[in-house]
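This structure is a prediction, so every number in the text was calculated from the model and none was measured. Note that these values count all heavy atoms, side chains included, but never hydrogens, waters or copies made by symmetry. Letters A, B, ... are given to chains in the order of the sequence lines, protein chains preceding strands, and every chain is numbered from 1.
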Amino acid sequence: MILGLAVIVVLPFVVGISWVLLVTELAILVLYAMAYNLTMGVTGMLSFGHGGLFGAGAYILVIAMIKGDIAMPYALLAAPILTALITFVIGWLCVRLTGIYFAILTLAFGQLIWATIWKMRTITGGDDGLTGLQIPSVMASPTNQYFCILAIVMLAVLSIKIIVDSPFGFTLKTIRENQTRAQCIGINVKRYQLLAFTASGLFTGLAGALFAILMRGAFVEFATVARAFEPLFAGILGGMHVFWGPAFGAGMLLSLDTFIGAYTEYWPLVAGGTLILLVLFLPEGIIGRIASIRKARAQRLNQSSA
Amino acid sequence: MGLDAILFQVLTGVGKGMNLFLLASGLSLIYGVLNVVNFAHATFYLIAAYICYTITGLFPNGYWLALILAPIGAALLGGICERLFSRLYDKEHYTQIMLAWGLILVFGDLMKLTWGSEGKMVPTPDVLAGGVPLLGGNFPITYIFVIGVAAAIGIALYVVLYRTKVGIDVRAAAADAEMTSALGVPVDKLYIIVFMVACWLAGVGGVIATLLSPIYLGGDLEIILAAFIIVIIGGMGSILGSLVGSLIYGVVFALGILVLPRFALVFLYILMVLVLIFRPYGLLGRPR
Amino acid sequence: MDLDILKVKSLSKAFGKLQAVDRVSFTVQPGVVKSVIGPNGAGKTTLFNLITGYLRADTGEITFKGMNITNLPPHELNRKGLARSFQIVNIFPRFTVFENVQAAVISRMGKSSSIVTSAKNVGREEAFQILDRVGLSEQAGYIAGTLSHGDQRIMEIAIALGGRPELLLLDEPTAGMAPEETYATVALIKRLVSEFGLSILVVEHDMDVVFSISETIVVLHQGGMLAQGKPEEVRQNEMVQRVYLGEEITREKGQ
Amino acid sequence: MKWCKESTLEKRLRGRKDNNGSKDDMGLEATLEVWEINTFYALSHVLFKVSLRVQKGELVCLLGRNGAGKTTTLRSIIGLTPPRSGNIRFNGRELVGKRPYQIVRMGMGYVPGDRRIFPDLTVRENLEVGRRLRGTAAEWTLERVYELFPSLKKLDKQLGNHLSGGEQQMLAIARSLIGSPELLLLDEPSEGLAPLLVKVLEDQVLKLREEGISILLAEQNVKSALRVSDRGYIIDKGRIFFQGTAKDLRENEEARRHLIV
């Protein structure tokens with residue numbers, strides 16, 4: 001852990017700017033994947049609406065700063081909170097449904113956000129997006145930006161970790177494992193699903209806002225369905241039932257994009273192929289597989305000693 | 001705006017809607033019978049459209065040949081994909097959706113490799129060029145053709161499902177696959193057939209869509225969302241629901257463009273949200 | 001003063017034309033086992049689902065510790081001290097055995113929304129106590145889904161105990177069990193009553209089990225009550241025997 | 001009458017090994033032979049070395065209480081819940097490993113306890129699902145089926161979910177019959193039927209046997225089953241405890257013990 005921290009601190013001084021930017025982006029994607037996983041991996045609700053929420057976070061920050069002249073710290077606070085509010089309203093309507101219907105309703109809301117951003121040109125700039133975000137000078141250099149964003153992401157991931165490990169997080173996992181059973185040990189399932197969805201929206205909004213800072217603006221692409229699939233993909237790659245699974249998946253996803261993308265423009269082919277193979281042959285994800293092998297071995301040892 | 005102009009627009013919407021019906025009915029059929037959410041369904045539509053482009057480029061008057069061959073190509077490809085999906089029939093829906101997403105990415109890239117990333121236009125066959133004077137405007141023959149083909153296929157689909165042994169078996173399997181197999185019906189073979197027929201329908205949809213708009217990469221994602229809106233509004237698993245949903249989609253979109261040009265799509269999303277909240281199984285669907 | 005822990009009064013439920021439960025009334029006294037028996041389709045499971053809030057009653061009233069609990073949702077019933085097990089194994093299969101019980105304990109402690117502490121040690125002692133009580137403490141670290149069928153069913157009872165219930169509803173607790181497991185379960189049920197003073201309502205097919213654990217028995221037939229009484233009385237009841245052999249009988253209406 | 005005391009639980013524990021299925025040495029031509037099958041649902045062991053035989057043209061009943069293993073036995077035979085070990089032979093051909101539709105096509109019919117009528121299909125369409133051309137003389141046509149169940153003919157265009165319980169039961173039998181089976185597996189056909197309808201059903205079952213169809217009838221309704229059967233088995237807790245002629249079953253005390261409260 002200390003070694004990891006040391007690497008993080010030293011990194012910007014030994015590698016080039018493009019690498020610093022890449023790692024910053026990675027940090028944001030990790031946060032996004034883990035935020036999403038609160039819904040999908042932890043509580044077991046399939047959402048396709050997170051693209052819209054990610055976009056919402058980004059646009060709220062940019063609109064607040066450009067149109068509202070609000071200082072960045074406040075805008076950075078407002079973005080996740082307002083996104084969480086939006087998520088709460090959407091979630092309140094969505095948690096009545098289950099399974100694929102829940103997923104499709106979130107998809108509809110995600111698309112509604114996307115369409116609103118796309119069509120409300122006067123506020124959002126439509127196709128052109130909103131550019132020209134002025135970043136305070138402390139954060140302007142890639143290295144400073146790197147440290148600021150990484151600090152925020154680490155804080156957020158730590159909060160997610162605390163949530164997942166808490167009795168609240170445990171309750172969410174019970175709901176994922178068996179809703180009927182959760183209900184009859186006294187858990188109000190819908191209420192907890194709504195809370196989990198809202199918390200997930202909060203962190204997704206934060207990730208979107210950070211991404212807007214990195215990109216110096218907000219664009220319609222931030223809110224597409226493809227964007228909604230990204231964290232799900234990351235979760236499947238890494239394994240969504242283990243805490244660091246989605247983070248690992250996000251890393252793999254970005255490396256696929258960056259490195260294979262550098263050799264060939266056909267990286268979606270590779271990514272899609274990987275996804276197909278994973279879903280068919282390794283549905284637990286890579287980290288998830290390792291974890292379950294370990295668990296099984298531990299139980300075997302336990303049984304043989306007992 | 002005159003009443004004629006509005007009616008004219010409604011007719012255009014019906015044309016678009018009927019084209020989408022071919023796609024939506026297949027999506028609905030796959031869900032109803034196999035309980036699979038085939039997010040990649042529109043990809044078969046796009047592939048057929050590209051095959052049609054190639055065939056029309058090779059042969060003069062190749063459009064009619066394409067109308068026969070391209071959907072068959074989509075169906076064969078669908079048959080292969082069904083074998084992949086079959087491994088996930090008893091798994092959670094999200095795994096099927098991720099498999100579909102993988103297929104979308106892979107096929108998307110393969111299409112880019114084969115046909116490049118510029119948009120493509122398929123020349124309209126001479127017979128279908130021009131229009132007929134109607135309601136004070138000139139209604140394109142292509143739209144009439146699309147409505148005609150889709151209606152004919154819709155009727156054929158109905159006849160097969162309700163009048164033939166295979167169709168009745170399909171409906172039985174949709175309700176209770178295990179009991180159907182215990183009556184001597186090889187349900188897994190039935191599944192392959194249904195998947196292939198659905199992809200064939202999507203293929204026909206793709207080929208006739210080339211008459212209405214250009215072909216471009218990523219078009220499948222737009223179309224699949226439209227198809228989802230349709231089956232949600234109409235009811236997943238109901239063929240009649242897809243028809244009603246398609247017509248609602250086409251007409252609301254066409255009229256929406258007249259009223260608030262930029263928000264036509266938003267209307268449809270709102271409609272879908274309302275349906276999901278108040279009648280999650282759709283206007284003509286039933287809860288399962 | 002109400003001495004009965006559970007009081008079911010004239011409860012009815014119909015599905016379309018089928019009268020699944022027809023004016024059923026009975027009571028459960030504290031600290032006893034009461035069984036509900038009857039041939040297939042007699043309405044036992046429907047009755048259970050009505051009491052535990054999974055179905056809404058058409059008419060009738062259910063009172064638990066003097067409170068009217070008719071049509072309350074399952075999670076509220078659980079909080080009031082009424083827990084159930086399921087006919088088909090219904091557990092958290094990917095959790096460990098310990099976590100399965102811990103989940104119930106955390107919920108009962110009202111700590112489900114807490115985010116300040118780690119879940120690891122919350123309710124730990126109590127969960128282990130319960131596992132000890134049902135004889136599963138050695139398997140505490142196992143993944144629940146890998147246990148034998150009998151152990152899974154016993155673990156279900158352990159989950160129910162996590163809610164510190166006063167009344168336990170067991171839906172066919174010995175279904176699908178090997179004889180050794182059945183024997184252990186019967187012993188466990190007896191112990192829960194004698195040592196911990198629980199009241200238990202059981203639906204069970206295995207008549208040996210029913211007669212060895214029950215204080216009183218209710219016999220259902222085609223949704224209605226056919227007989228009620230001590231095991232001996234039910235055994236001697238001519239009507240009950242005839243029903244089980246498939247003879248036609250007409251149930252007296254509105255008894 | 002002797003009743004189970006608690007000690008019978010222990011007795012059952014001891015008695016387990018004595019009961020190794022039952023072999024039939026009548027030497028007659030067997031349509032169906034089930035030999036020591038063990039069936040599981042996931043981890044739970046449901047059938048323990050169950051063996052039984054159905055002779056050509058015979059009507060055999062399988063009696064037992066709720067949850068005794070009757071349904072699982074039938075599901076094992078038809079291939080819906082294949083046994084993990086043991087053999088099932090139908091006209092000399094091994095069934096274990098075959099898919100349900102293959103087994104049905106070999107000439108077996110299955111009528112499930114909950115009828116499982118396709119709700120959105122009409123009566124005629126429900127029959128259509130079961131129809132297969134076998135090209136044998138014994139083939140059942142729609143007309144012949146309607147002859148046996150005249151009331152279904154009037155309901156021809158009714159949807160499955162609009163039928164009464166008795167009508168559904170008739171349709172469920174008719175639906176299997178139209179596949180021209182040599183052996184019919186009937187799972188608790190009398191369940192939920194009014195007494196008068198049970199009698200009607202018995203007549204129909206007897207008529208089927210007169211047509212030369214062998215029948216394995218799982219029943220909880222002992223009186224009704226013994227009125228029509230030639231022979232029977234008693235199953236309890238997933239094991240066959242007793243077998244004999246209908247007369248034996250009616251009179252034997254030990255047999256009754258497994259059937260009554």
When the side chains of residues 268-279 of chain B are checked against the rest of the protein, which donor-acceptor pairs come out under 3.5 Å, sequence neighbours left out?
{"residue": "Tyr269(B)", "atom": "OH", "partner": "Gln111(A)", "partner atom": "NE2", "Å": "2.9"}
{"residue": "Arg279(B)", "atom": "NE", "partner": "Gly282(B)", "partner atom": "O", "Å": "2.8"}
{"residue": "Arg279(B)", "atom": "NE", "partner": "Leu283(B)", "partner atom": "O", "Å": "3.4"}
{"residue": "Arg279(B)", "atom": "NH2", "partner": "Leu283(B)", "partner atom": "O", "Å": "3.2"}

Residue pair [X] / [Y]: nearest heavy atoms and the distance that separates them:
| X | Y | result |
| --- | --- | --- |
| Met179(B) | Tyr110(D) | CE-O, 3.8 Å |
| Ala172(B) | Val129(D) | CB-CG2, 3.6 Å |
| Lys165(B) | Gly130(D) | NZ-N, 4.4 Å |
| Ala175(B) | Phe118(D) | CB-CD2, 4.2 Å |

Tell me which of these, Thr122(D), Leu80(D), Ile103(D), has more heavy-atom pairs under 4.5 Å with chain B than the rest.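 Highest number of pairs under 4.5 Å: Leu80(D).
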
Heavy-atom pairs under 4.5 Å with chain D are the metric here; pick the option from Leu183(B), Asp188(B), Thr180(B) that has the most.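 The answer is Leu183(B).
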
Less than 4.5 Å to any heavy atom of chain B: does that hold for the side chain of Arg75(D), its backbone, both, or neither?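 Contact with chain B involves the side chain of Arg75(D) alone.
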
Sub-4.5 Å heavy-atom contacts with chain B: which residues of residues 204-213 of chain D show up?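 The residues closer than 4.5 Å to chain B amount to none at all.
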
Listed by residue number, which members of residues 157-167 of chain D have a heavy atom under 4.5 Å from any heavy atom of chain B?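 The stretch does not come within 4.5 Å of chain B.
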
Report the residues that fulfil salt bridge (Lys or Arg N to Asp or Glu O under 4.0 Å) with Glu94(D), sequence neighbours left out, ordered by chain and then residue number.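 Partners of Glu94(D) by the salt bridge (Lys or Arg N to Asp or Glu O under 4.0 Å) criterion, ordered by chain and then number, come out as Arg89(D).
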
Taking it one step at a time, do Asp120(D) and Arg171(B) satisfy side chain to side chain contact (heavy atoms under 4.5 Å, CB included)? CA-CA 8 Å; Asp120(D) 300 332; Arg171(B) 284 161 56 221; 5.5 Å; no

If we only count heavy atoms from C-beta on, is the Arg99(D) to Pro186(B) side-chain gap below 4.5 Å?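 A side-chain contact is absent here, since even the closest heavy-atom pair is not under 4.5 Å.
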
